[in-house]
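Take a look at the structure set out below.
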Amino acid sequence: MIRVAIIGAGLGGIAAAVKLRKAGAACTIFEQSSGVGGTWFDNRYPGCEVDVHSHAYSFSFLKYDWPRTHATQPELLAYAEHVVERFGLRPHLRLNTRVTDLVWEESTSTYRLSTEHGDTEEFDVVVSALGLLSVPRYPQWPGLDTFAGPGFHTSRWEEHDLAGKSVAVVGTGSTAVQIVPAIAPQAGQVYVYQREPGWVEPKNEHDFSPRQRWIFRNVPLAQRLNRARIFHNGNRRFRGYDTGSRRQHRMRALCERFIATTIKSPPTRTAVTPDYPWGCKRPILSSTFYPALNRDNVELVPHAVRRVTPTGVIDETGAERKVDVLVLSTGFQPTKFLAGIDVKGRDGRSIHDVWRERASAFMGITVPGFPNFFILYGPNTNGGVSVIAQLERQAEVVVGAVRRLARTRRGSIDTSPDAARRFVEWVDRKLATSASAMSSGCHNYYHDPSGHNVTQWPGGHLAYAVATRFVARFGLRTTR
Ligand code: NAP
């Protein structure tokens, strides 16, 4: 039986475990946190919920009775736990166990895996499922460490009574737009610091009616057909990333209409209107953020932060606002793949040395010289309608490789350097003309310090499904 280590018990690790166990592999899932769910375990800020439709942001292999169009964080956490129970993964979990090192042993075609507790174990195959948005990005503002009140990153939320308090939320990405409407009714005053606005679309979230839920539960294919409809629309929406396309114009017009119809103050309308194409930054979905900006106790500060004092925040114009609580909604460091783990492949080479110039992987999953090592949510796989579907496709590539190892009785499977190079060249060519390219004057978190877009998949989910199903196998070779 092939022994597989899966690092991370988020939805990626869970998908891999379900599919690999079905294929007959023995799985051990290592998770540094005390529970499963990954990003939905870490992120517990007020208003936290997914902005992708629940029927798409869930596994294709399990029908589930979703109560809303967009599941809340507690619902997503319950879902992760449900899948773990339903597929009997609990005995295979090692919670509170951070993996620190992986070293490929050529003589045995195995990885020696070490954990923070000093234990080592051997595995035939290792799957990294660390997620993309898990390393917080802390700003380097002068004085930040002198701030006297509670100050924390959104993914490390601290519960404080905000009644009557003055709260600064810095950032206006997908996270901040959920937090601001959720805390504004309790807080005395909320200052929203915006460095550069994002395009915001209405999310149109709502509870399913009892009738709808009955239909999705009982009518064969109803949930699947709805899922197919969402993916079809999502794949079409992808055309908007072409800046000259009709869909790009439609998306901008939709967002501009949303601003005009929901925000009362003309200066705020101007301040939230981006001057770059839709799709440059990750599109933001929120029906409640703009209405929250109309509240008397919410002020949009359309400036970056310059400095923090013990009692307040000074923006780039020099204006200081007194603040009791500082919320850093400043995002993550997604270009730092495999942060915190040292992976050594053939000839003792570290993956971080191989990635010195840029992080890349064939199909975003495998790296030449690192046999039997697979990455879920790796370089250039973000996007494509729903990440859950992307993760499933990646898990299926792992299953295909594991089956091949078992069938051929070979010890290892490695990636053709030529296939990996051609994949990256293709990705770069595609992304060069996308709305997210830096050449369009765009700032986003997709680019590494040397300017390579290392996070985004340059197509819809359908293209990724075809690539992983029909092309991936040609880049992978059994080697011994
Ligand atoms: P983000 O999209 O990276 O937004 C970070 C915000 O902080 C931006 O507005 C950024 O401004 C600002 N910022 C960063 N550093 C700053 C600094 N030094 N000074 C001032 N402002 C600064 O992060 P996020 O909102 O946490 O979202 C990250 C990703 O998580 C999303 O894109 C999405 O993929 C995912 N997410 C998903 C959901 C969901 O419902 N599925 C919900 C939340 C998050 P600039 O734009 O000027 O850089």
Side-chain angles (χ1 to χ4, degrees), residues 10-11 38-40 42-54 56-58 68-73 75-76 131-144 152-157 168-182 191-201 203 205 234 271-272 274-276 279-289 300-308 313-316 326-336 377 381-388 390 436 438 441-447 455-457:
L11 293 174
T39 198
W40 303 110
D42 291 342
N43 286 275
R44 292 159 185 261
Y45 56 80
C48 184
E49 65 178 46
V50 69
D51 59 12
V52 176
H53 197 295
S54 311
Y57 196 88
S58 47
R68 319 179 68 228
T69 51
H70 296 75
T72 62
Q73 179 266 340
E75 287 163 353
L76 286 156
L132 186 76
L133 299 155
S134 50
V135 182
R137 185 198 319 208
Y138 288 98
Q140 305 292 319
W141 304 314
L144 180 55
F152 46 87
H153 188 268
T154 53
S155 65
R156 308 285 184 268
W157 189 265
V169 177
V170 183
T172 47
S174 305
T175 301
V177 300
Q178 298 185 333
I179 292 173
V180 171
Y191 298 115
V192 184
Y193 285 84
Q194 171 192 274
R195 188 164 63 178
E196 191 178 51
W199 287 109
V200 180
E201 301 159 47
K203 188 157 103 176
E205 70 276 29
V272 300
D275 60 1
Y276 54 77
C280 149
K281 291 185 198 291
R282 198 265 200 188
I284 297 169
L285 290 104
S286 171
S287 309
T288 50
F289 177 59
L300 180 80
V301 183
H303 305 294
V305 170
R306 181 194 287 171
R307 204 151 62 78
V308 176
V313 173
I314 300 179
D315 69 31
E316 62 185 354
L326 177 55
V327 177
L328 303 173
S329 190
T330 44
F332 298 87
Q333 304 186 63
T335 63
K336 291 195 172 167
Y377 218 162
T381 59
N382 189 35
V385 185
S386 161
V387 67
I388 305 301
Q390 299 280 99
S436 63
M438 280 170 98
C442 164
H443 308 112
N444 53 42
Y445 61 69
Y446 307 159
H447 293 85
T455 64
Q456 296 309 104
W457 166 248

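Just so you know, ligand 1 is whichever comes first in the structure, and atom 1 is the first atom listed for that ligand. Throughout, residue positions are numbered sequentially from 1 according to the sequence presented.
- Side-chain contact between L133 and Y445 is present, with heavy atoms from C-beta onward closer than 4.5 Å.
- Separating the OG1 atom in T330 from the OH atom in Y138 is a distance of 8.0 Å, to the nearest 0.5 Å.
- Taking a cut-off of under 4.0 Å to the non-hydrogen atoms of G331, the atoms of ligand 1 that pass are 3 (O), 5 (C), 23 (O), 26 (O).
- R282 NE, 3.5 Å is the protein heavy atom nearest to atom 33 (C) of ligand 1.
- The nearest protein atom to atom 32 (O) of ligand 1, hydrogens excluded, is given as Y445 OH, 2.6 Å; this is a heavy-atom distance.
- Shown in contact with G171 at under 4.0 Å from a heavy atom are these atoms of ligand 1, numbered in order with element: 6 (C), 7 (O), 9 (O), 12 (C).
- Using a 4.0 Å cut-off to heavy atoms of L133, the atoms of ligand 1 that qualify are 29 (C), 30 (O), 34 (O), 35 (C).
- Ligand 1 has no N or O atom lying under 3.5 Å from any N or O atom of Y45, backbone or side chain.
- Residue T172 holds the heavy atom nearest to atom 8 (C) of ligand 1 of all those in I179, T330, T455, T172.
- Side-chain contact between K203 and Q178 is present, with at least one heavy-atom pair separated by less than 4.5 Å.
- Annotation: S329 places an N or O atom under 3.5 Å from an N or O atom of ligand 1; distance criterion only.
- Remark: minimum distance from atom 13 (N) of ligand 1 to any protein heavy atom is reached at R195 NH2, 3.8 Å.
- In this structure, the separation between NE2 on H443 and OH on Y276 is 10.0 Å, given to the nearest 0.5 Å.
- With a 4.0 Å heavy-atom cut-off, ligand 1 is reached by the side chain of W141 but not by its N, CA, C or O.
- When only non-hydrogen protein atoms are considered, atom 36 (N) of ligand 1 lies nearest to S174 CB, 4.0 Å.
- Side-chain contact check for T39 versus F332: every heavy-atom pair is 4.5 Å or farther apart.
- Without hydrogens or angle criteria, Q194 side chain to A271 main chain gives a donor-acceptor distance under 3.5 Å.
- By the 4.5 Å heavy-atom criterion applied to side chains, F289 and V192 are counted as neighbours.
- Residue R68 is tested with E49, E205, E75 for a salt bridge (charged side-chain N to carboxylate O under 4.0 Å, His left out); the sole match is E49.
- Heavy atoms of other residues, nucleotides or ligands lying less than 6.0 angstrom from CZ of R307 number 12 at most.
- Within ligand 1, counting atoms from 1 as listed, the ones closer than 4.0 Å to a heavy atom of P139 are 18 (N).
- Distances below 4.0 Å separate heavy atoms of E196 from the following atoms of ligand 1: 46 (O), 47 (O).
- Within ligand 1, counting atoms from 1 as listed, the ones closer than 4.0 Å to a heavy atom of E49 are 39 (C), 40 (O).
- No heavy atom of T154 sits closer than 4.0 Å to any atom of ligand 1.
- Close approach of ligand 1 to T175 (heavy-atom distance below 4.0 Å) involves ligand atoms 24 (P), 25 (O), 26 (O), 27 (O), 43 (C), 44 (C).
- Looking only at side-chain heavy atoms (C-beta outward), P139 and V305 stay at 4.5 Å or farther from each other.
- In this structure the side chain of N43 never reaches within 4.5 angstrom of the side chain of W157, judged on heavy atoms.
- For A304, the heavy-atom gap to ligand 1 stays at 4.0 angstrom or more.
- Taking the side chain as every heavy atom from C-beta outward, Y57 and H70 never approach each other to under 4.5 Å.
- Interface of F332 with ligand 1, defined as ligand atoms under 4.0 Å from a residue heavy atom, comprises 26 (O).
- Among protein heavy atoms, the minimum distance from atom 41 (N) of ligand 1 is reached at D51 OD1, 3.0 Å.
- Using a 4.5 Å cut-off on side-chain heavy atoms (C-beta onward), W40 and C48 make contact.
- Atom 4 (O) of ligand 1 has as its closest protein heavy atom G173 CA, 3.7 Å.
- Using a 4.0 Å heavy-atom cutoff, K281 is listed among the residues neighbouring ligand 1.
- Put simply, no part of Q194 is less than 4.0 Å from ligand 1, judged by heavy atoms.
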